[in-house]
2 protein chains.
Amino acid sequence: MPPAPHSPRPTDAELEILRVLWTLGPRTVRQVHDELSQKRDVGYTTMLKLMQIMTDKGLLLRDESERSHIYRAKQKEAVTQKQLVKDLVSRAFGGSTEKLVMQALSSKKATAQEIADIRQLLDKMEGGAK
Amino acid sequence: MPPAPHSPRPTDAELEILRVLWTLGPRTVRQVHDELSQKRDVGYTTMLKLMQIMTDKGLLLRDESERSHIYRAKQKEAVTQKQLVKDLVSRAFGGSTEKLVMQALSSKKATAQEIADIRQLLDKMEGGAK
DNA sequence: TGCTTCTTACGAAGATCTTCGTACTATCCT
DNA sequence: AGGATAGTACGAAGATCTTCGTAAGAAGCA
């Protein structure tokens with residue numbers, strides 16, 4: 001089956017799997033299952049089915065050269081994160097990224113280091129945007 | 001029926017309705033439908049059913065004193081936005097709000113005014129966190 | 001070889017989301 | 001009063017998501 005033409009946002013279960021693959025790198029179903037079943041009670045074939053579906057959808061790529069297929073995320077973590085943020089901005093913040101940022105920052109105590117990092121990013125943006 | 005005990009994140013269709021109620025204030029099904037059908041082709045009873053379900057779930061409050069019931073969002077916009085951001089941070093950013101903020105900022109050109117606003121917020125945070 | 005284990009493939013059930021048709025009731029207008 | 005209009009309630013269909021059982025093939029081992 002050819003992959004789906006467009007890509008809707010990954011579901012919760014799909015995102016959970018993507019995070020494992022981003023963090024640990026390409027993995028078999030067995031390995032992903034071992035990882036996730038530490039956190040949550042989930043069957044092996046459930047994981048298999050999900051990863052097969054994700055491959056059909058074009059979210060994952062599969063290396064079938066070995067008996068145990070090896071899966072990896074098609075998109076880099078940052079790309080998917082960017083899509084998810086964009087999606088949330090448009091659905092919940094009327095398209096205003098700034099509102100989301102303000103909301104995110106105000107609902108959390110950041111460390112001095114984190115604040116400094118963000119400042120630095122703002123500096124760079126201001127410089128470049130000029 | 002009593003409202004649901006906890007509140008999972010609102011679905012896409014639900015969030016769309018919430019945004020209308022936040023922006024325009026309490027409204028009847030008719031009014032919400034008139035608003036949303038400008039953007040999207042959707043039936044009146046679909047809207048009605050959704051808003052009834054949302055009331056059961058505890059997302060909306062309903063004033064039944066008039067023939068046309070008047071609905072309003074139970075939670076303020078900022079509260080729901082905060083929950084949505086928190087949810088995305090935990091599902092896609094490993095719990096790091098800072099990563100989400102950096103991702104959001106770097107994927108968008110902000111105006112000088114917006115950057116200044118964010119700086120001001122950072123100032124306030126630094127002051128308060130001290 | 002023959003038994004056990006691991007893996008993929010597949011079907012289907014149950015849950016939730018979105019949609020709308022239909023029925024019923026209240027209100028309005030002539 | 002009586003037909004037209006507008007509203008609510010409800011059931012159910014179709015889509016998607018998540019789950020798992022079962023079957024069948026491949027690999028390992030006694």
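If you're wondering where the values come from, they're calculated on a predicted model, not measured in any experiment. Throughout, a chain's letter reflects where its sequence line sits, starting with A, and its residues are numbered from 1.
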Asker: Please report the distance, rounded to the nearest Å, between CG in Leu59(B) and P in dC17(C).
Answerer: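 Distance check: Leu59(B) CG to dC17(C) P gives 10 Å.
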Asker: Please tell me if Lys49(B) has a side-chain N or O lying less than 4.0 Å from either OP1 or OP2 of dT22(C).
Answerer: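 Looking at the OP1 and OP2 atoms of dT22(C), neither is under 4.0 Å from any side-chain N or O of Lys49(B).
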Asker: Among dT7(C), dA9(D), dT18(C), which nucleotide sits nearest the side chain of Ser68(A)?
Answerer: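 Nucleotide nearest to Ser68(A)'s side chain: dT7(C).
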Asker: With a cut-off of less than 4.0 Å, is there a side-chain N or O of Gln52(A) near OP1 or OP2 of dC10(C)?
Answerer: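 The answer is no; no side-chain N or O of Gln52(A) sits under 4.0 Å from OP1 or OP2.
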Asker: Using only modelled atom types and a 3.5 angstrom limit, is any donor from either the side chain of Arg67(A) or the base of dC6(C) paired with an acceptor on the other?
Answerer: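 Side chain to base: pair present.
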Asker: Under 4.0 Å between a side-chain N or O of Arg62(B) and OP1 or OP2 of dA9(D)?
Answerer: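 Checking dA9(D) against Arg62(B), a side-chain N or O does come within under 4.0 Å of OP1 or OP2.
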Asker: Met51(B) CE to dC20(C) P: how many Å, rounded?
Answerer: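 After rounding, the gap between these two atoms is 16 Å.
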Asker: Verify whether one side chain among Asp117(A) and Gln113(A) offers a donor that lies under 3.5 Å from an acceptor in the other.
Answerer: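 Side chains of Asp117(A) and Gln113(A): pair found under 3.5 Å.
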Asker: May I ask you to establish whether Arg30(B) and Tyr44(B) are in a cation-pi arrangement, using a distance under 6.0 Å from NZ or CZ to the six-membered ring centre and at most 45° from the ring axis?
Answerer: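 Satisfied, under 6.0 Å and within 45°.
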Asker: Should Thr46(B) be listed as having a side-chain N or O under 4.0 Å from OP1 or OP2 of dC20(C)?
Answerer: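 Yes, because at least one side-chain N or O of Thr46(B) sits under 4.0 Å from OP1 or OP2 of dC20(C).
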Asker: Nearest to the Arg40(B) side chain among dC17(C), dT18(D), dT19(C), which nucleotide is it?
Answerer: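 Closest nucleotide among those given: dT19(C).
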Asker: Under 4.0 Å between any heavy atoms, over every strand shown, what does Thr45(B) touch: base, sugar-phosphate, or nothing? Just pick one.
Answerer: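 It contacts base atoms.
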Asker: Does Glu64(B), at its CD atom, have more than 12 non-hydrogen atoms belonging to other residues, nucleotides or ligands within less than 6.0 Å?
Answerer: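 Atom CD in Glu64(B) is crowded, with more than 12 foreign heavy atoms closer than 6.0 Å.
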Asker: Rounded to whole angstrom units, what separation is found between the CG atom of Leu50(A) and the C1' atom of dA12(C)?
Answerer: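 Rounding to the nearest Å, CG of Leu50(A) and C1' of dA12(C) are 15 Å apart.
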Asker: Rounded to whole angstroms, how far apart are CG on Leu15(B) and P on dC17(C)?
Answerer: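 Those two atoms, CG and P, are 13 Å apart.
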Asker: Roughly, in whole Å, what's the span from CD1 in Ile53(A) to P in dT19(D)?
Answerer: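 Taking atom P of dT19(D) as the reference, CD1 of Ile53(A) is at 11 Å.
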Asker: His33(B) NE2 to dC20(C) P: how many Å, rounded?
Answerer: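 So the NE2-P distance, His33(B) to dC20(C), works out to 8 Å.
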Asker: In whole angstrom, what separates Asp12(A)'s CG from dT16(C)'s C1'?
Answerer: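 So the two atoms are 12 Å apart, to the nearest Å.
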Asker: For dT8(C), does OP1 or OP2 lie under 4.0 Å from any side-chain N or O of Tyr44(A)?
Answerer: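 Yes, within the criterion.
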Asker: Side chains of Gln52(B) and Asp56(B): donor-acceptor distance under 3.5 Å anywhere?
Answerer: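 There is no such pair between these side chains.
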Asker: Provide, to the nearest angstrom, the distance between the CG atom belonging to Asp56(A) and the C1' atom belonging to dT16(D).
Answerer: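 To the nearest whole Å, that distance equals 15 Å.
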Asker: Which nucleotide in the list dC20(C), dT7(C), dT18(D) gets nearest to the side chain of Arg30(A)?
Answerer: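 So the side chain of Arg30(A) is nearest to dT7(C).
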Asker: For Asp41(A) and for Leu48(B), locate the closest nucleotide of DNA chain D by heavy-atom distance; then report the residue assigned to the nucleotide nearer the 5' terminus.
Answerer: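 Counting from the 5' end, the first nearest nucleotide belongs to Leu48(B).
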Asker: Side-chain donor-acceptor pair under 3.5 Å between Gln31(A) and Glu35(A), yes or no?
Answerer: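 No, no side-chain donor-acceptor pair sits under 3.5 Å.
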